[in-house]
Amino acid sequence: MPDHDFRLHPPDARLLEGRRALVTGATSGIGQGTAFELAAHGAAVAINHRGKVDDGRAMVAAIEADVQRGFAEAREAFGGLDLLVNNAGIEKPFELVDMPLEEWEKVISVNLTGTFLCTREAARIMRADDIKGAIVMISSVHEVIPWEQFSHYCASKGGMKLFAQSIAKELAPHGIRVVSVAPGAIATPINQKVLDDPEERRKVEAEIPLGRWGEVSDVARTVAWVASDQAQYVVGATIFVDGGMTLYPNFV
């Protein structure tokens, strides 16, 4: 969804007119597509992305400082905040016996600790400003599907699932909804190597009942809907955007 193709939806089709959003990890893939889609629905959108920090512990400190600064800037620019999309995430394959501690810490730091820090800051702002809002977690089918060589990634997404459900119970009485959107196999730059290999691509497609890879727009449209008032009674749920991948017999 390149920026030069961006256009606002017609006024009567905009679901997020006047909303104030921050999207993490928004410079490519699902994050970028989501930021454009929210804006197309009329939301003011601030974006945040992760810099390159090698050490996991240093990354946590850097993320926390960046989160506080970024949210303060978004709040000042928009006069508040009522929508957060936690999209930032990383992955890199390692068998368990070969996985360095720093790689485990890096994935957990970005995918889980980063989500916690952003969510905490957004919730603080919304509660302090007495704003009803939504926090959308970009999870993954791997919150329920095991994935060999990606145990750290699965741990982060499984943790995100129960984190989201737990804080959904805390925040709902304040009018803040927490919902997860879990993509399956989506055609993004992170999956380009598999997409370019016909055999590997077919293997993935064989695990998708709908028979095709998802597009960024499939996820972005779901996020826009679940963040809108049309989904105001959806709380603590995970919406799988996966072409039925979680229904595949190997995973039940």
Side-chain angles (χ1 to χ4, degrees), residues 24-32 48-67 85-120 136-167 180-197 199-208 213-214 216 219 238 240-242 245-246 248-252:
T24 69
T27 55
S28 67
I30 290 172
Q32 183 184 71
N48 168 272
H49 65 93
R50 179 183 59 88
K52 294 186 180 299
V53 182
D54 290 333
D55 180 74
R57 295 181 183 87
M59 183 176 288
V60 171
I63 289 173
E64 184 162 20
D66 184 61
V67 163
V85 180
N86 275 314
N87 170 76
I90 59 173
E91 62 182 54
K92 187 176 180 180
F94 286 96
E95 290 192 6
L96 173 62
V97 294
D98 298 323
M99 187 183 298
L101 176 59
E102 58 266 25
E103 290 295 336
W104 170 273
E105 290 180 331
K106 188 182 297 185
V107 169
I108 298 300
S109 293
V110 174
N111 297 9
L112 193 52
T113 305
T115 292
F116 154 70
L117 292 170
C118 290
T119 303
R120 185 184 66 179
V136 182
M137 310 293 192
I138 303 301
S139 183
S140 166
V141 294
H142 296 294
E143 71 170 45
V144 294
I145 297 175
W147 192 13
E148 61 272 23
Q149 298 185 37
F150 289 88
S151 58
H152 48 351
Y153 181 80
C154 293
S156 72
K157 295 303 182 178
M160 179 185 285
K161 174 179 183 285
L162 279 175
F163 173 64
Q165 290 175 330
S166 298
I167 63 169
S180 294
V181 172
I186 308 297
T188 61
I190 200 170
N191 290 319
Q192 198 59 52
K193 185 176 180 180
V194 177
L195 290 164
D196 289 341
D197 184 322
E199 182 177 350
E200 292 300 314
R201 179 170 184 150
R202 281 194 295 271
K203 284 181 183 178
V204 174
E205 289 170 349
E207 297 175 344
I208 305 171
W213 283 67
V216 168
V219 181
T238 295
F240 289 99
V241 185
D242 66 351
M245 181 181 276
T246 47
Y248 200 74
N250 284 354
F251 307 138
V252 297

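A salt bridge links Glu205 with Arg201; the closest basic N to acidic carboxylate O contact falls under 4.0 Å. We find that Arg202 and Glu199 are not joined by a salt bridge, their nearest charged nitrogen and carboxylate oxygen being 4.0 Å or further apart.
Counting heavy atoms from C-beta outward, Gln149 and Phe94 have side chains that stay 4.5 Å or more apart. Counting only heavy atoms from C-beta outward, the side chains of Trp213 and Val194 approach each other to under 4.5 Å. In this structure, Val85 and Thr24 have side chains that are not in contact, with every pair of non-hydrogen atoms separated by 4.5 Å or more. Using a 4.5 Å heavy-atom threshold, the side chains of Val136 and Ser180 count as separate. Side-chain contact between Glu200 and Val204 is absent, with no heavy atoms from C-beta onward closer than 4.5 Å. Within the 4.5 Å cutoff, the side chain of Ser140 has heavy atoms near those of the Tyr153 side chain.
Annotation: side chain to side chain donor-acceptor pair (under 3.5 Å) contacts of Thr188 (sequence neighbours excluded): none. The side chain to side chain donor-acceptor pair (under 3.5 Å) check on Ser151 picks up nothing, with sequence neighbours excluded. Residues satisfying the ring pair (Phe, Tyr, Trp, His ring centres under 6.0 Å) test with Phe150, not counting sequence neighbours, are Trp147. Considering only residues two or more places apart in sequence or on other chains, Asn87 meets the side chain to side chain donor-acceptor pair (under 3.5 Å) condition with none of them. With sequence neighbours excluded, no residue satisfies ring pair (Phe, Tyr, Trp, His ring centres under 6.0 Å) with Phe240. Residues passing the side chain to side chain donor-acceptor pair (under 3.5 Å) test with Gln192 are Asp196, sequence neighbours excluded.
Rounding to the nearest 0.5 Å gives a distance of 11.0 Å between OG1 of Thr238 and NZ of Lys157. Rounded to the nearest 0.5 Å, atoms CD (Glu91) and CD (Glu103) are 12.5 Å apart. Note that CG of Asp197 is 8.0 Å distant from NZ of Lys203, once rounded to the nearest 0.5 Å. Note that the CD1 atom of Ile138 and the CD1 atom of Ile30 stand 6.5 Å from one another [nearest 0.5 Å]. Rounding to the nearest 0.5 Å places CG of Asp242 at 11.5 Å from CD of Glu207. To the nearest 0.5 Å, the span separating OG1 on Thr115 from CE on Met160 amounts to 3.5 Å.
Across every non-hydrogen atom of Val241 and Ile186, the tightest pair is O-CD1, 4.1 Å. The shortest non-hydrogen separation linking Ile145 to His142 is O-ND1, 2.9 Å. Nearest heavy-atom pair, Cys154 versus Pro146, reported as atom, atom and distance to 0.1 Å: SG-C, 4.3 Å. Taking all atoms of both residues into account, the shortest heavy-atom contact from Asn111 to Ser156 is ND2-OG, 3.2 Å. Here the closest non-hydrogen pair linking Ile108 and Ala155 is CD1-CB, 4.5 Å.
Under the 3.5 Å distance criterion, with hydrogens and angles disregarded, a donor-acceptor pair is assigned to the side chains of Glu143 and Ser139.
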